2 protein chains.
Amino acid sequence: MDIQQHIQEIRTFNRFYTDLIGLLDKHLLNSEYSLAEARILYEIFTAKQLSASDIIYRLSIDKGYLSRILKKFEKEDLIVRKPSEEDARVSMLSLTDAGLKVFFGLNEASEKQILALISPMSIEQLDELVKHMMAITGLLEKQSR
Amino acid sequence: MDIQQHIQEIRTFNRFYTDLIGLLDKHLLNSEYSLAEARILYEIFTAKQLSASDIIYRLSIDKGYLSRILKKFEKEDLIVRKPSEEDARVSMLSLTDAGLKVFFGLNEASEKQILALISPMSIEQLDELVKHMMAITGLLEKQSR
DNA sequence: CAATTTAGTTGACTTTGTCAACTAAATAAA
DNA sequence: TTTATTTAGTTGACAAAGTCAACTAAATTG
């Protein structure tokens, strides 16, 4: 089976991921956070130390928009900013306990959605799905550098 | 390997699909269509016969918003509406040749993004990925009924 | 045929996201 | 060292995306 044949089949993947987006959209509708906000919390959670510029680079988000979201997060005590030691213009971001709680809540909810999606699958199918998801995840990490 | 263990690992999936959304977002930025519009075109393309209500049901989209998008599509000659024979209140939607062209253009562009994402994988990995994507796609079809 | 439901449209609105002008600190060049 | 340039982040004004509720017109129920 060669690459060209795969290209044809990969069309179904297209359908799959737009459906996923629908799911995620729907679940975030019931929360008080937008997709952008959830992704920003994710970035702050996973990085030990990161600045607003890092988020702009990773998520391709407008800096004005990000600035306002971070301001809101700060007001809600979800994050704290600590001036960078190397560069006084830069603030390093981290989640507070409240921020962690919100992040885990969002994550748990979207995991529930995903579980509902995959729970009818067999153990064998799940095994392989997880394996390949992890492969692609690693791949994305590589590409973002 | 039992379900509980999988749940833990499925967290990586979370990351994977938010990254995909980021990719898709970015690629649609360069097109003149929004994600919602691309999804609507997809629905009209795949169904032989469908009404606005069908789209509302499938995509959980606001009917006022849909109404305006369909009006725009009609003005751009991407779709045609034909009154349903059973129910004169209902319009059946289909893509024009121009609509097909736009749809294929959007689809091709997003396929390119996906290919860039998966092309570093081996043939064996691709084989299994495609297999499981198709499994999940079938699953989504089932759930939407 | 009157009352109620359903499909779709429209106006007014909120939320989400962008752009460009700005401030303040850092770095580079003289 | 002091002037010029770059970089991080904020803000105001705006555009795009999406929602809500009131409405029209046709269909269905009783």
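The sequence lines fix the lettering, A, B, ..., with proteins before strands; numbering per chain opens at 1. Note that the coordinates shown come from a computational prediction; the quantities given were computed from them, not determined experimentally.
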Tell me: CG of A:Leu66 to C1' of D:dT10, nearest whole Å? 11 Å
Take the protein atom CG of A:Asp62 and the nucleotide atom C1' of D:dA16, then report the distance between them rounded to whole Å. 13 Å
In whole angstrom, give the distance that lies between atom OH of B:Tyr57 and atom C1' of C:dT6. 17 Å
Looking at A:Lys71, does any N or O in its side chain come under 4.0 Å of the phosphate oxygens OP1/OP2 on D:dG9? no
For A:Glu37 and C:dG17, what is the distance between atoms CD and C1' respectively, to the nearest whole Å? 12 Å
With respect to the phosphate group of C:dT6, does any side-chain polar atom (N or O) of B:Ser53 fall under 4.0 Å of OP1 or OP2? no
Provide the full list of ring-ring contact (aromatic ring centres under 6.0 Å, His included) pairs with a residue in residues 82-103 of chain B, sequence neighbours left out, each pair given once. B:Tyr42-B:Phe103, B:Phe45-B:Phe103
For B:Ile61 and B:Ala36 the tightest heavy-atom approach is CD1-CB, 4.3 Å
How close do B:Ser51 and B:Leu93 get, counting heavy atoms only, and between which atoms? C-CD1, 4.1 Å
Calculate the interatomic distance between B:Lys75 atom NZ and C:dT9 atom P; express it in whole Å. 15 Å
Nearest to the B:Arg68 side chain among C:dC19, D:dA17, D:dC20, which nucleotide is it? D:dC20
Could you tell me which residues satisfy salt bridge (charged side-chain N to carboxylate O under 4.0 Å, His left out) with B:Lys101, sequence neighbours excluded, listed by chain and number? none
Base-contact (B) and sugar-phosphate-only (S) positions in nucleotides 21-29 of chain C, heavy-atom cut-off under 4.0 Å, - elsewhere: ----BS---
Within residues 87-96 of chain A or reaching into it, pairs that qualify as salt bridge (Lys or Arg N to Asp or Glu O under 4.0 Å) - sequence neighbours excluded: A:Asp87-A:Arg89
Take the protein atom OH of A:Tyr65 and the nucleotide atom P of D:dA17, then report the distance between them rounded to whole Å. 13 Å
Measure CG/A:Leu70 against C1'/D:dT11 and give the value in whole Å, please. 15 Å
List in chain and number order the residues that pass salt bridge (charged side-chain N to carboxylate O under 4.0 Å, His left out) with A:Arg68, two or more places apart in sequence or in another chain; answer none if no residue qualifies. none
Side chain of A:Arg81 (C-beta onward), nearest among C:dT9, D:dT10, C:dC19: D:dT10
Residue pairs, two or more places apart or on separate chains, that pass side chain to side chain donor-acceptor pair (under 3.5 Å) and touch residues 77-86 of chain A: A:Glu74-A:Arg81
Which nucleotide in D:dT11, D:dA17, D:dC20 has an atom nearest any side-chain atom of B:Ser34: D:dA17
To the nearest angstrom, the CG-C1' distance between B:Leu50 and C:dG8 comes to 14 Å
